[in-house]
Amino acid sequence: MKQKTYPYKVFVCKDEKMTALACAKALTKVVKNKPNACLGLATGGTCIPVYEAMVTDYIKNHTSYRNIKTFNLDEYINLNPLYIHESYRAYMNFRLFSQINIQMKNTHFPCFKHPSAYETLIQKNGGLDVQIISLGHNGHIAYNEPGSSLDSVTRVITLTSSTIRANARFFENNPQIVPKRAVSMGIKSILNARKIIVIITGIGKAKAFQHILKNKYDPQWPCSSIIFHKNVEIYVDAKTAKVAGFKYS
């Protein structure tokens, strides 16, 4: 049986800074409309300006995160203790959590020892109201690498060589130091969120964006799975949209 696809909304922004700002506004809107919302969060260089904008909003507008709960997409396994600051928990603590009034007990990350427990915890808290994702150059979302199943849930994943090379910039440009495995939410986990926000910045992500625009699922491009979700907003900078061939007025 063919799976039904749905239209998505694409918002083309002037540049990368404005794209991040638009994503931040979309996330804070969820927080303001539902003070006890569950947010699915991502890491990586693409999301840094998003969290910076959220912190600015918190300082300026006093948006409260007191009763917000967060669930991050992934975490490294067997990270060298010398690089513990590169864990995704450390990333989120530094970039966002320590600068807003969220309760640390409400911030969650998957555990490689009990990955399936993460799915249970998310459902116990009512499911994700929104999940933000960025795209890997090879189209991965979270650490769902090419070939990942549509039915995949939180599990341990072996990273591809291309992802390890991409992450080496955080580890003194030395791929040997980059963890080879991570625990990650699956594609099904992501699609279970009530809303998905996709941020795409940098022309290096244009090819991945093209595979979404084809409106045809390709398991070698996990990002294309979002066409099966009913409520998707894509935020992309104008230069990347142009390179990807997206036509807009």
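Below, each value reflects all heavy atoms present in this structure, side chains not excepted, and no hydrogens, waters or symmetry copies. We count residues from 1, following the sequence as given. Quick caveat: nothing in here was measured; it's all calculated off a predicted structure.
Environment of OH in Tyr6: crowded, with over 12 heavy atoms of neighbouring residues, nucleotides or ligands closer than 6.0 Å.
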ask   = Stepwise, does the ring-ring contact (aromatic ring centres under 6.0 Å, His included) test hold for Phe109 with Tyr88?
value = CA-CA 8 Å; Phe109 291 76; Tyr88 295 140; 8.1 Å; no

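Lys69 has no carboxylate O lying under 4.0 Å from a charged side-chain N of Asp129, or vice versa, which leaves the two without a salt bridge. Ionic pairing of Arg89 and Glu75 is not present here: no N-O contact between side-chain nitrogen and carboxylate oxygen is shorter than 4.0 angstrom.
Listed here is the closest heavy atom pair of Ile190 and Met185: N-CE, 4.3 Å. Closest heavy-atom contact between Val156 and Phe112: CG2-O, 3.9 Å. Annotation for Leu121 and Asn125: closest pair O-ND2, 2.8 Å, computed over non-hydrogen atoms.
At a cut-off of 3.5 Å, with distance as the only test, a side-chain donor of Glu233 or Tyr235 sits close to an acceptor on the other residue. Judged by distance alone, the side chains of Asp218 and Ser224 never bring a donor and an acceptor atom under 3.5 Å apart. Side-chain N/O atoms of Tyr8 and Asn215 include a donor and acceptor closer than 3.5 Å. If you check the side chains of Ser64 and Asn101, you find a donor sitting under 3.5 Å from an acceptor. Between the side chains of Ser189 and Asn192, not a single donor N or O lies within less than 3.5 Å of an accepting N or O. Side-chain atoms of Gln99 and Tyr51 include no donor-acceptor pair closer than 3.5 Å. Neither side chain, Asn173 nor Arg165, offers a donor N or O lying under 3.5 Å from an acceptor on the other.
Close placement of the Tyr217 and Phe228 rings is indicated, their centers lying within 6.0 Å of each other.
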